[in-house]
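Below: one structure, written as structure tokens.
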Amino acid sequence: MSENDKPVIDEYSGVETTGHDWDGIQELNNPLPRWWLWSFYVCILWAVVYWVFMPSWPLVQDYTRGFLGYSQRAVVAEELKSLTEARADLGKQLLASEPEKIVQDKGLLEFAYAAGKTAFADNCAGCHGSGAGGAKGYPNLNDDDWLWGGSLNAIETSIRFGIGATHEETHFSEMPAFGVDEMLSKDEISTLVTYLQILSGQQANGTENLEPAKTLFADNCASCHGDDAAGDREQGAPNLRDAIWLFGKDKKAIFETVHAGRKGMMPAWDGRLDPVTIRALAVYIHTRGGGE
Ligand code: HEC
Ligand code: HEC
């Protein structure tokens with residue numbers, strides 16, 4: 001207020017001033033806009049209604065709960081409960097369904113794929129790679145080249161019982177060490193390596209006489225890899241005609257395989273993972289591309 005407490009009227013706008021004066025700049029005392037004032041009242045009203053119905057005021061030990069008794073914790077608990085129920089239900093369906101049925105049922109497939117993906121990241125990616133693409137000695141699970149079979153059942157069996165594992169039903173396989181155990185000479189192994197490179201299309205057959213290699217193969221290798229070298233899933237013996245190599249495709253790697261042998265091992269997951277998770281994993285791998 002000015003010194004004599006009389007309202008001061010601004011001479012340009014004709015509006016009363018508040019009497020505040022900053023270096024000659026004065027503040028007009030205009031009323032608040034209507035819309036603003038009404039929004040303000042509505043907010044106050046809203047706050048009061050909120051206090052009454054919703055949890056709001058902290059007390060010493062507790063808080064005011066409001067007439068609606070709303071609680072996010074209760075909502076989450078409720079949602080979790082129905083999710084768990086739905087999962088248990090889907091899990092039961094997953095175990096009870098024939099493989100073809102699972103693939104046809106979109107809901108079931110989505111459930112299994114999601115559960116399988118998580119379980120894969122947690123348990124399998126360390127060996128098979130995060131995208132299941134494999135690494136040397138650890139098979140790629142996305143392609144359609146299978147050591148032990150690519151049907152849903154075959155994949156599930158591999159996962160459940162493992163390979164060279166301690167489970168009594170485990171798959172067992174071993175590529176003998178032909179060089180180390182002196183079953184074949186270095187020259188014979190080299191002959192076979194060249195033969196395999198020609199068979200798998202890595203090397204053209206120039207003037208090579210393949211007859212000695214064919215005989216060596218028939219005598220030493222065909223019992224496991226098959227007469228045509230296309231592999232044998234009963235024994236986990238890989239196809240040697242294709243371009244996919246578990247332990248490396250160059251001369252040196254193949255020589256090493258035949259010379260010193262190989263013995264891939266995978267733990268059995270039966271007992272470590274529950275049956276629903278194992279089925280989900282099988283579905284996940286089966287749907288990623290290589291399923292048969
Ligand atoms: C300790 C490493 C390791 C872990 C962990 C592992 N695997 Fe394997 N897995 C292997 C190896 C090695 C082989 C190949 C064995 C062989 O040479 O016959 C294999 C083979 C497989 C096969 C058979 C592939 C075929 O071509 O027939 C499947 C299916 C498979 N694994 C799935 C899984 C799943 C699912 C998990 C996770 C629950 C998993 N593996 C975890 C090492 C592992
Ligand atoms: C007793 C069965 C058996 C016999 C006999 C056998 N193999 Fe194997 N071979 C296997 C198995 C099983 C594997 C896969 C090993 C693994 O996955 O750990 C394998 C793997 C291989 C591989 C690696 C393939 C890849 O994808 O990297 C080559 C190469 C190979 N064998 C060549 C031969 C040759 C050549 C002979 C004959 C001199 C032979 N094998 C005899 C069982 C056999």
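Remember, it's 1-based here, ligands and their atoms both numbered in the order they're listed.
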Where does W269 meet ligand 1, judged by heavy-atom distances below 4.0 Å: at the side chain, the backbone, both, or neither?
side chain
Near atom 8 (Fe) of ligand 1 (cut-off under 2.8 Å), count of protein N, O or S atoms:
2
Measuring from the heavy atoms of G236, does anything fall under 4.0 Å of ligand 1?
no
For atom 42 (C) of ligand 2, the protein heavy atom that lies nearest, with its residue and separation
E174 O, 3.6 Å
Atom 5 (C) of ligand 2: nearest protein contact (heavy atom, Å):
N220 O, 3.3 Å
For the side chain of E292 and the backbone of G149, is there at least one donor-acceptor N/O pair under 3.5 Å apart?
no
Which residue and heavy atom of the protein sit nearest atom 29 (C) of ligand 1, plus the separation:
I155 CG2, 3.8 Å
Test E110 against K106 for salt bridge (Lys or Arg N to Asp or Glu O under 4.0 Å), laying out the working first.
CA-CA 6 Å; E110 270 172 13; K106 196 158 168 284; 3.3 Å; yes
For G264, atoms of ligand 2 separated by under 4.0 Å from a heavy atom
16 (C), 18 (O)
State the atoms of ligand 1, each with its element, that fall below the 4.0 Å cut-off from a heavy-atom position in G137.
12 (C)
Spell out, as yes or no, whether a donor-acceptor pair under 3.5 Å connects the side chain of D105 to the backbone of K101.
no
Which residue and non-hydrogen atom of the protein lie closest to atom 27 (O) of ligand 2, and at what distance in Å?
F247 N, 2.8 Å
Spacing of K214 atom NZ and L192 atom CG [to the nearest 0.5 Å]:
13.0 Å
Please list all pairs passing the ring-ring contact (aromatic ring centres under 6.0 Å, His included) test where one or both residues lie in residues 263-288, with sequence neighbours left out.
Y113-Y284, F120-Y284
Going by the order shown, which atoms of ligand 1 are within less than 4.0 Å of some heavy atom of L281?
38 (C)
Pairs touching residues 151-175 that satisfy salt bridge (Lys or Arg N to Asp or Glu O under 4.0 Å), sequence neighbours left out
E156-R279, R160-D270
Does CZ belonging to R272 count more than 12 external heavy atoms closer than 6.0 Å?
yes
For ligand 2, which atoms sit closer than 4.0 Å to a heavy atom of L192?
38 (C)
For atom 18 (O) of ligand 1, what's the nearest protein heavy-atom neighbour? Residue, atom name and distance, please.
W148 NE1, 3.2 Å
At a 4.0 Å threshold, what atoms of ligand 2 neighbour a non-hydrogen atom of L184?
38 (C)
Heavy-atom pair of closest approach, residues G150 and I155:
O-CD1, 3.5 Å
Just checking, any donor-acceptor pair under 3.5 angstrom between side chains of S190 and D187?
no
Between the side chains of T18 and E27, does any donor sit under 3.5 Å from an acceptor?
yes
How close do Q197 and D250 get, heavy atom to heavy atom, and via which atoms?
NE2-C, 3.9 Å
Would you call the rings of Y41 and W38 parallel, tilted or perpendicular, taking 30° and 60° as the class edges?
perpendicular
Please identify which atoms of ligand 2 are closer than 4.0 Å to at least one heavy atom of S173.
12 (C)
M175 side, atom CE; H225 side, atom NE2 - distance, nearest 0.5 Å
5.0 Å
Taking atom CH2 of W22 as the centre, report whether more than 12 heavy atoms of other residues, nucleotides or ligands fall under 6.0 Å from it.
yes
If you have a sec, work out which protein heavy atom is nearest atom 25 (C) of ligand 2 and how many Å separate them, to one decimal?
L246 N, 3.2 Å
Counting heavy atoms not belonging to K263, are there more than 12 under 6.0 Å from its NZ?
yes
For distances below 2.8 Å, what is the count of protein N, O or S atoms around atom 8 (Fe) of ligand 2?
2
Between T257 and R262, do the side chains contain an N or O donor and an N or O acceptor separated by less than 3.5 Å?
yes
Provide the number and element of each atom of ligand 2 under 4.0 Å from a heavy atom of K263.
18 (O)
For atom 41 (C) of ligand 2, the closest protein heavy atom turns out to be F178 CE1, 3.4 Å
For atom 16 (C) of ligand 1, the closest protein heavy atom turns out to be L147 CD1, 3.6 Å
Ring pair (Phe, Tyr, Trp, His ring centres under 6.0 Å) partner of W51, the single match among F67, W46, W57
W57
Residues H171 and S158: closest non-hydrogen pair is NE2-OG, 3.5 Å
Using a 4.0 Å cut-off to any heavy atom of Q235, which atoms of ligand 2 qualify?
12 (C)
